Amino acid sequence: GAVVSQHPSWVICKSGTSVKIECRSLDFQATTMFWYRQFPKQSLMLMATSNEGSKATYEQGVEKDKFLINHASLTLSTLTVTSAHPEDSSFYICSAPRGGGASSYEQYFGPGTRLTVT
Amino acid sequence: KNEVEQSPQNLTAQEGEFITINCSYSVGISALHWLQQHPGGGIVSLFMLSSGKKKHGRLIATINIQEKHSSLHITASHPRDSAVYICAVSSGNQFYFGTGTSLTVIP
């Protein structure tokens, strides 16, 4: 089956620093990838849609200058949390649809990245 | 009001029991997804459907577009089925997620 990887799987950083999370589709190309955030005991929340070759689309309430998304190639999207604060501590997950760019296609999820900001 | 409502929130079952998790939604959708999230956090897409019924092993998913309702059934439940099950709908390029159903299957 299709595989999506994320790196790192967990990271601890100090307040004020930036952290980059990578999402890769290993055996298929993805023109679109989705980034989610999940707080403890809560469901996923879509943060943004990453589009290869163009700007990301952010959901309402998500600061685009704080959560920088770059879709550098058809197999790689990165999410950079800039000037991280403790409230940014969360589980960040990406997904990629295989066979199309839309959310209506089956999603393949990465294993997630647990970010802890101290 | 959430666009996607799931029930029950928590469910405990004995091994072997038949389990049903329900999902209702209020928006027009292009597809409905059932996801499984294990305690470690990893998410697996179980089903994507836009009509009718799909079956994979002991899992069955149904959707009624007119009633805006979907169910996920697990037959002959097993402790390894213990996880959080999340219903999500695609509407345009939007995703709406249910709050999840936490399932515990006791041996």
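Since this is a predicted model, take the numbers as computed values, not measurements. So you know, we letter chains A, B, ... as the sequences are listed, proteins then strands, and number each from 1.
V27(B) and I63(B) fall within the same hydrophobic cluster, defined by Ile, Leu, Val, Met, Phe, Trp and Tyr side-chain heavy atoms under 4.5 Å apart, directly or through other members. There is no path of hydrophobic side-chain contacts, each under 4.5 Å, that joins M45(A) to L115(A). Following chains of ILVMFWY side-chain contacts shorter than 4.5 Å, one cannot reach F95(B) starting from M47(A), and the two form parts of different hydrophobic clusters. No single ILVMFWY cluster, assembled from side-chain heavy atoms under 4.5 Å apart, contains both L49(B) and I60(B). Note: the hydrophobic cluster containing V89(B) also contains I65(B) (ILVMFWY, side chain heavy atoms under 4.5 Å, direct or indirect links).
A heavy-atom distance below 4.5 Å is found between the side chains of F109(A) and L35(B). Side-chain contact check for F91(A) versus Q37(B): some heavy-atom pair is nearer than 4.5 Å.
In this structure, CD1 on I86(B) lies 6.0 Å from CD on Q38(A), to the nearest 0.5 angstrom. Here CG of L46(A) is found 6.5 Å from CZ of F97(B). Values are rounded to the nearest 0.5 Å.
Heavy atoms of L44(A) lying under 4.5 Å from chain B belong to its backbone as well as its side chain. Only the side chain of E59(A) has a heavy atom closer than 4.5 Å to any heavy atom of chain B.
Within the 3.5 Å criterion, the main-chain N or O of G98(B) finds a donor-acceptor partner in the side chain of S43(A).
When the shell of 6.0 Å around NZ of K66(A) is examined, it contains more than 12 heavy atoms from other residues, nucleotides or ligands.
Comparing L32(B), I43(B), V84(B), V44(B) by how many heavy-atom pairs each has under 4.5 Å with chain A, the most go to I43(B).
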